[in-house]
Structures are given as structure tokens and as C-alpha cells.
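Chain naming here is simple, since letters A, B, ... match the order of the sequence lines and numbering starts at 1 in each.
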Protein chains: 2
Amino acid sequence: MTEGNPAGVGLRERKKRATRAALVAAAVRLAAEHGAEHVTVDAISEAAGVSARTFFNYFDARDDVFVMIGADASARVRQAVLAAPAELSPLEALRDAVAIELAEIEQQQELWRLHAEVLRHSPHLLARSLGAHMADELALAETLAERMGAGSPLFAGDRAGLGSPDDERRRRALGLHPRLLAAVGIAAVRVAVEHWCVRQDELAFADVFRETFDHLAAGLPAPAGPAGPADR
Amino acid sequence: MTEGNPAGVGLRERKKRATRAALVAAAVRLAAEHGAEHVTVDAISEAAGVSARTFFNYFDARDDVFVMIGADASARVRQAVLAAPAELSPLEALRDAVAIELAEIEQQQELWRLHAEVLRHSPHLLARSLGAHMADELALAETLAERMGAGSPLFAGDRAGLGSPDDERRRRALGLHPRLLAAVGIAAVRVAVEHWCVRQDELAFADVFRETFDHLAAGLPAPAGPAGPADR
DNA sequence: ACGCAAAGATGCAGAGTCTGCAAAAAGTGC
DNA sequence: GCACTTTTTGCAGACTCTGCATCTTTGCGT
């Protein structure tokens, strides 16, 4: 662990990132052209200029290369949630943090457009992608809990993944409310993105995004009388 | 024994269901014992008494056998949502429909308990399972839209899956609100189940479930109140 | 009962995915 | 330049999944 890299990270690290990016770019480009199912690891690796064996040093499965796109964005969102002004509600803080991240993504439009195209044509990958996003939910719930005054930093360790050893311990330490907030917030973001994707030409994304969170804040339904949930 | 099949479907259909159930049961049992990653298709097939080739007549991928458990439950939920009394809000109708389904699942406890165990130990499968559930979201959104007075039956065709040809058309026909309701409702159910799974011994599921939807109905913005998760 | 057509099960060949291992190559620090 | 660490690569081998041909079972009319 040699840090202290002043201006840039070491050459090793830079090369690694470059290789990973090259693999992702090659994969998405090939998939957009020939369909994700028909793109072999060999083809991706060759297009990226590495051996097929090396591909699996970067991704646990072939499909991951189509799913691991915004892997580090969620970490930035959590950071922004913590840093948000205290007068914002948790949901508002999340909304603004995501908005910033989405705005940045719009810069790299091209790759993301292709990526969306690939997912649209491969339901299998779409499902996988959605599942992957869920993994972030626990981390976000912890961040929200921390922000909501409970104050307990809980665990500093980050992104341990769904199945990590202390995953269960972490879940136990979380209240129901932060988890619900995280789940609902992520769901709202997803719905906004999907809704806009389907009619990009008609609507501005910012509007859809705002409208979605307005619905949420307004309390979604009209609360009516109680109806005992089926107890037995 | 060639009578007309009175109440039951034909023998062919019954055998098919039996085989499918046998495969699922064998897979879950083996996975609970040896870990999902170490269970081969050959082993599952042999335990179920069919050839390995036949396995793929039932599931598109090996992992699907661990994911396709409640495949038909979602259809029943949608049906119940439509049949619910008109005075219930959409979220309430969904809540009650799901409660009924979950109560029935508690009957088959054993298989589901093993299944939960398997998912807990295999993050990969958990992500996949979550992704699969998302596929139901669109169908549920349509059902909710239909219930919410818009009245247009939209498309009768059911469970066409994420990538079906008219998938896009169907998405375009849906408003933002029903989709948000569906997404949020499913997220709430998921959080309730997960939260309860982690502390089965301490809490009654019915309570967790009710509390979760109470939070939702109350409008999520946190009262920021009780700092300490007064659990334990 | 008989026989035919449809549906399902099976075996096999072959392409593709993914892992462990050990040697070669490349980056890092002295 | 030299030792040390990390990464890449080739290779063997197990496993996943598909297309195709064949054989068995089931549904049904006669």
C-alpha cells in the first residue's frame, strides 16, 4: 500500500483503469452492434487488446462488463448525501445528490446511450443490472441513517457487497425507516430514468425527475381508512 | 386410467409441474447443503430423476432454478389488486393482496426457508432474484393503472417479460404515477421481508409489514425523531 | 383397443464460460 | 541494475448451454 502519489496515481493504477475502461467500451460497442448475446469474451478482449484470460481478472462474469458501468457513482452519491445542508430532508438530500450525478453522466452521453441500447435489447442483462443496483441500497440506507441524526457511523468499511461476512451484522443494526427511505428513493430514481428513457424526445429529464420526487413528497396515495392486513 | 380429467389438468401438465417442482426442490436442497456455487446441473438433474439435458427444457439458465420460485405468485397478486374493494387506495389494495400471498407462502415454510438461506449465502443469486422481481413491476403498474379509474385495460396479454416486442409500447402507454406506485409498493414489500428475515426471532412479520406500509402512508419524510433504533 | 400426431425426454457434438496454476512480463523501490 | 510485487498470459480442464436427431410418452379420434 504505497500511497503518497502527488499529482497522479501510479502508472500501474492508471493502466488498470485504462484496461478496464477499454474492456467496457469495447464490450458496449460490440454489443450495440451485434447484440449482447453474440459478443464473446474473446472478441471483447481482442478489441481491448488484452488476452481473454485477463478479462476475467477484471470481471467475475462476462455479463458483468455490461452491468458495472456506474460502479463508482453510487459512492459519490452517498458522499454528497452526507455533505448536504442539514435543512434538507433525507429524501431531498438524496434527490439533489442523484441529480448532480445524473447531470455528469449526461456528459459522457455516447457510451451511456449505447449502454441503454444494449440493455433494452437484452432483458436478461437489464434484470441483472437492476439487481446490481439493489446492492447499493444497503450502503445508502446506512448513509441515510447516519445523516438522520442517529449519528452512529455504524461501519466505516464501504461497499462490502451483498454477501460479505458482516453484511448480516450491518443489516441488523439498521432501522426500518432508513432502509425504507433508501429503497423508495432508489425506486423513484429508477422510475424517473426509465420513464424518461421511453420518451426521450418528448420530455426533459429534469422535469420528469422533479415531478417524480414531487409525487413522492406529496405522499403517494390518498390515505384512506384502515383495512386490517390479512392477519390470520 | 383414462378418464376425462375432472378437476385436474391432463397428465402431461401434471407431470411437467411435478418435474419442475422436483428440480426446484432438489436444487434448493442441494444448494442449502453444499453452497449454490458447487451444485452442478448434473447433480440437480440426477437428484430430480431426469437427464441434464431436460433441465434446460425447464430453465434457461442454471441460476434460474434458484430464482423462479414465486413465479406465479405475482400474477395472483395482480388479480387480487383488481378484485379489491373500490374504497381502498391503490397502495392499500396492493398491501392486502401481498399480505394474503405472503400468508400462503408461510405454509410452505420449509422450502422457502431453505431458499432464503441459499440466497443469503450467494449474493450473486440474490441480485439476480431481485432483478427478476423487477420484471413484474411493469405488469403491476399496468394493473394499478387499470384500477385507478383510467379504466383502459391497456393490454390483455400478460407477463410478456422485460424484453418482449411490445414491451416498449406498453411502457409508453403508462403514466408516471402508476409506475411510481408499483415501484414504491414493491420496494416496501421487499424491505419489509428483508427486515423481518434478519430478525425473525424478535418480530412478528405481520407487525413489520404493517409498520412499513404505515410509514409509506404517513408520507416518508422523516420526523427525524427517535434517534436510537429502539430495538433489541 | 388401436394407431397417429404432438409434446417431452434424452444423448451427443460443439461452442462458450470460467477457474487454478505456473511462467513470463511489467511496474516499483532501492 | 537488482530484488520485489503485481499483472498478464497460456493452458488444461470442468461446467454451462444450444442445436439436432431420436426415442418414449401422452392425448385423442376411430
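Looking at Leu94(A) and Val77(A), their side chains come closer than 4.5 Å, going by heavy atoms from C-beta outward.
Using a 4.0 Å heavy-atom criterion, one finds that Ala61(B) contacts the sugar-phosphate atoms exclusively. Within 4.0 Å of Phe59(B), counting heavy atoms only, lies no atom of the nucleic acid at all.
Shortest non-hydrogen contact noted between Leu23(A) and Ile44(A) is O-CG2, 3.7 Å.
Between the CZ atom of Arg53(B) and the P atom of dT22(D) there is a distance of 16 Å, rounded to whole Å. Following rounding to the nearest Å, Phe56(A) (CZ) and dC15(D) (C1') show an atom-to-atom distance of 12 Å. Protein atom CG of Leu11(B) is 11 Å distant from nucleotide atom P of dC28(D), rounded to whole Å. To the nearest angstrom, C1' of dT8(D) lies 16 Å from CD of Glu13(A). Following rounding to the nearest Å, Phe55(A) (CZ) and dC18(C) (C1') show an atom-to-atom distance of 11 Å. Per the geometry, CZ belonging to Arg14(B) stands 14 Å off C1' belonging to dT25(D), to the nearest Å. Here dA5(C) presents its C1' atom at 10 Å from CZ of Arg12(B), a figure rounded to the nearest Å. Rounded to a whole Å, the NZ atom of Lys16(A) is 8 Å from the C1' atom of dT7(D).
The phosphate of dA9(C) has neither OP1 nor OP2 within less than 4.0 Å of any side-chain N or O from Thr54(B). Contact check, Tyr58(A) against dT8(D): a side-chain N or O comes under 4.0 Å of OP1 or OP2. At the phosphate of dT17(C), OP1 or OP2 sits under 4.0 Å from a side-chain N or O atom of Arg62(A).
A distance-only check finds a donor-acceptor pair linking the side chain of Arg147(B) to the backbone of Ala84(B) [under 3.5 Å].
Two residues, Asp42(A) and Lys15(B), neighbour DNA chain C, and the one matched to the more 5' nucleotide by heavy-atom proximity is Lys15(B).
Ring geometry for Trp112(A) against His115(A) counts as perpendicular: the plane angle is over 60°, on a 0 to 90° scale with 30° as the lower cut.
With a 6.0 Å radius and a threshold of 12 heavy atoms from other residues, nucleotides or ligands, Glu13(B) has its CD atom above the threshold.
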